[in-house]
Peer 1: 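If you scroll down you'll find the structure; I have some questions about it.
Just so we're clear, the structure is a prediction, and the values are computed from it rather than from any experiment. Convention: sequence-line order gives letters A, B, ...; per-chain numbering from 1.
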Amino acid sequence: MTVRTRFAPSPTGYLHIGGARTALFCWLYSRHHGGTFILRVEDTDRERSTEAAVQAILDGMAWLDLNADEGPFYQTQRFDRYREVARGMLESGTAYHCYCSKEELDAMRAEQMARKEKPRYDGRCRDRKEPKPGVTPVIRFKNPQEGQTVVEDAVKGRVVFDNHELDDLIIVRSDGNPTYNFCVVVDDMDMRITHVIRGDDHLNNTPRQMNILKALGFTPPQYAHLPMILGPDGTKLSKRHGAVSVMQYREDGYLPEAVLNYLVRLGWSHGDQEVFSREEMVKLFDIKDVNTSASAINPQKLLWLNQHYIKTGDLKRLADELKWHLERIGVDMSKGPSLEGLVKAQQERAKTFKEMAEGSRFFFEDVKEYDPQAAAKNLTPEVLPGLMTLREKLVALPEWSAPALHDALNQTAEALGLKLGKLAQPLRVAVSGGGVSPPIDATLELLGRETALARMDRAIKHIEKAA
RNA sequence: GCUCCCUUCGUCUAGAGGCCUAGGACGGAGCCCUCUCAAGGCUUAAACGCGGGUUCGAAUCCCGCAGGGAGCGCCA
């Protein structure tokens, strides 16, 4: 039997980090077993579902490169099928019409709550033979009243529900539209899903779904309920926690491989290993190694992983990503150093591309003003002789390369009896405008002789003017 | 209220009765390296929710309790 998994988001918002983790585990499971990964959009709630949200989810999946083998399928396009199945259940007697009004149901629930009982439909229309005139009925599933339903969950283990805890849920509304739990069941059946991997907020729905499946003469799939992902403070994920949309991570300068690697370690582990390539994840992923308890996201660790992938990534790829971010912050790249050169110079010191892009700015744009603190400390009359001597040296430097610049700097410092820092730091402020940059030799090389000298001149003037 | 799920350093986790003086990772602290920022190297603090059992022996098995979460809709 080929493994078939599905990721089934409802398009009421962007793809958030929890949904992405579920998608990843579904994807990994199917990949690991050489199976099929299906994307299904659960848009039966026409009020809350939007086209934009569908697109946002698709974009998020594409960015993470979690591609579906089948789909996307849309539940709203399958209403005829759901109604057909419901009709069949009516005929076979596993479902029935219910004429209860909303008010009646509310009153019933209120009474039950008052009696400290679990609110549930009491089945009063179960054996009704005649329709109630003037009322369009809903269709309810006739849930078994006796016995137990056992979920053999791949992560939670054996979970037992008494059938009398489950009531007769509505499968088709009075407007003729099917409900969520029913659509899921019909889809999982029709799409021949073998493994349902989803958030554990669905664990309580599972026995109901299994019972409907059984009533349809279908063997339920294997279930695996994943623990929730919480915000950094250990409470439920929400917008309050900052980046909850997967695409927000891209904007914040994260690489998809870092996000994926971070996500895979949330609720799953393989011994002490922390870094996993995509191939390793596929090879090593096993549902048995999935945890049972919820986990909080830890932005620091994501940052660390991101930095790891920036440090070790392919230059060309990283350069493309840097380009995307430079465009975003409005940097004109028509003149200036190569992006690969910039990545190389910064990949050991940038945690995100957002940071790298900001740090790249001065390579493309003139220094308009100096960082006041850095200038006050480094652009002082005392450094003037050093800067001027160095300028002479650099004008005449035969080869404008990092090693040659490195030597020139060291020689000048030595000749003047200065520590390198006394020369390098003022120079850094002069050419970058601030106190932070890649190593000064690499920075100068990237900047080019003309630009570097012009900025030194400007700094020299700045000092003279202040003095 | 009822049903179900969960509980190891701050966080992610290893741990399948003796290998645990509870390991790793992020973060923290300290030191080294150093032209800034980083990176890197070394060192270090930090956890089995509580109470009962079972057993020669429990983080691991059982039972309670407490705390957290989810579900109980003509929402998904």
Peer 1: For the side chain of A/S174 and the base of B/rC74, is some donor closer than 3.5 Å to an acceptor across the two?
Peer 2: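 Yes, the side chain and the base share a sub-3.5 Å donor-acceptor pair.
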Peer 1: Base, sugar-phosphate, or nothing: which does A/Q273 touch, judged by heavy atoms less than 4.0 Å apart?
Peer 2: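 No contact.
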Peer 1: Within 45 degrees of the axis of the six-membered ring of A/Y121 and under 6.0 Å from its centre: does A/R140 put its NZ or CZ there?
Peer 2: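 Yes; both conditions hold, so A/R140 lies above the ring face of A/Y121.
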Peer 1: May I ask you to verify if any side-chain N or O of A/Q112 is less than 4.0 angstrom from the OP1 or OP2 atom of B/rC2?
Peer 2: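 No, outside the criterion.
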Peer 1: What verdict does the salt bridge (charged side-chain N to carboxylate O under 4.0 Å, His left out) test give for A/D168 and A/K142, after you've listed the backbone C-alpha separation in whole Å, the side-chain angles of each residue and the deciding distance to 0.1 Å?
Peer 2: CA-CA 5 Å; A/D168 293 347; A/K142 200 179 274 180; over 6 Å; no
Peer 1: Paired with B/rC31 by Watson-Crick or G-U wobble geometry, both distances under 3.5 Å: which nucleotide is it?
Peer 2: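 B/rC31 is paired, partner B/rG41.
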Peer 1: For A/T12 and B/rA76, is the shortest distance between a side-chain N/O and OP1 or OP2 below 4.0 Å?
Peer 2: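 No, no such contact exists.
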Peer 1: What class does the angle between the rings of A/H225 and A/Y223 fall in, given that below 30° is parallel, 30 to 60° is tilted and above 60° is perpendicular?
Peer 2: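 Rings of A/H225 and A/Y223: parallel, as their planes differ by under 30°.
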Peer 1: Let's test this: given Watson-Crick or G-U wobble pairing with both distances under 3.5 Å, identify the partner of B/rC19.
Peer 2: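 Partner of B/rC19: none found under 3.5 Å.
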Peer 1: If you assign each of A/L105 and A/D162 to its closest nucleotide in RNA chain B, which residue comes earlier from the 5' end?
Peer 2: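 Mapping each residue to its closest nucleotide by heavy atoms, the 5'-most match is A/D162.
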Peer 1: Quick one: is B/rC72 close enough that its OP1 or OP2 comes under 4.0 Å of any side-chain N or O from A/R109?
Peer 2: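 Negative; the distance criterion is not met.
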Peer 1: Would you mind pulling out the nucleotide paired to B/rU3, Watson-Crick or G-U wobble, both distances under 3.5 Å?
Peer 2: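 Check on B/rU3: paired to B/rA70, both distances under 3.5 Å.
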Peer 1: Taking CH2 from A/W268 and C1' from B/rA14, how many angstroms apart are they, rounded to a whole number?
Peer 2: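 After rounding, the gap between these two atoms is 13 Å.
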Peer 1: Base, sugar-phosphate, or nothing for A/G434, non-hydrogen atoms under 4.0 angstrom?
Peer 2: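 Here A/G434 touches no strand at all.
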Peer 1: Going by purine N1 to pyrimidine N3 plus the second Watson-Crick contact, or the G-U wobble pair, all under 3.5 Å, which nucleotide sits opposite B/rU54?
Peer 2: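 Base-paired to nothing in any strand shown.
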Peer 1: Name the nucleic acid region contacted by A/D43, choosing base, sugar-phosphate or nothing; use a 4.0 angstrom heavy-atom cut-off, strictly under.
Peer 2: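 Counting heavy atoms under 4.0 Å across all strands, no contact is made by A/D43.
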Peer 1: Less than 3.5 Å between a donor and an acceptor, one on the side chain of A/R120 and one on the base of B/rC72, is that the case here?
Peer 2: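 Absent.
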Peer 1: More than 12 foreign heavy atoms under 6.0 Å from CD of A/Q373: is that the case here?
Peer 2: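 No - once you tally the heavy atoms of other residues, nucleotides and ligands closer than 6.0 Å, there are 12 at most.
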Peer 1: Measure distances between side-chain N and O atoms of A/N204 and base N and O atoms of B/rA70, and say whether any donor-acceptor pair falls under 3.5 Å.
Peer 2: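 Indeed, a donor on one side and an acceptor on the other fall under 3.5 Å apart.
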Peer 1: Once hydrogens and angles are ignored, does a donor-acceptor distance under 3.5 Å link the base of B/rG71 to the side chain of A/N205?
Peer 2: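 No.
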Peer 1: Expressed in angstrom and rounded to an integer, what is the separation of A/M228 atom CE from B/rG69 atom P?
Peer 2: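 A/M228 atom CE is separated from B/rG69 atom P by 13 Å.
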Peer 1: For A/S437 and for A/A294, find the nucleotide of RNA chain B with the closest heavy atom, then tell me which residue's nucleotide is more 5'.
Peer 2: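 With A/S437 and A/A294 compared, the 5'-side residue is A/A294.
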Peer 1: Using a 4.0 Å heavy-atom cut-off across all strands, classify A/S432 as base, sugar-phosphate, or nothing.
Peer 2: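 The answer is nothing, as A/S432 stays clear of every strand by at least 4.0 Å.
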Peer 1: So that I know where these two stand, are A/W268 and A/F25 an aromatic pair - ring centroids less than 6.0 Å apart?
Peer 2: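 No, too far apart.
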Peer 1: Between the base of B/rG24 and the side chain of A/E274, is one N or O donor paired with an acceptor at under 3.5 angstrom?
Peer 2: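 Yes.
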Peer 1: Going by distance alone, is a donor N or O of one side chain under 3.5 Å from an acceptor N or O of the other, for A/R349 and A/S437?
Peer 2: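 Short answer, no.
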Peer 1: If we take the C1' atom in both B/rA66 and B/rU44, what is their distance in whole Å?
Peer 2: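 Their C1' atoms lie roughly 34 Å apart.
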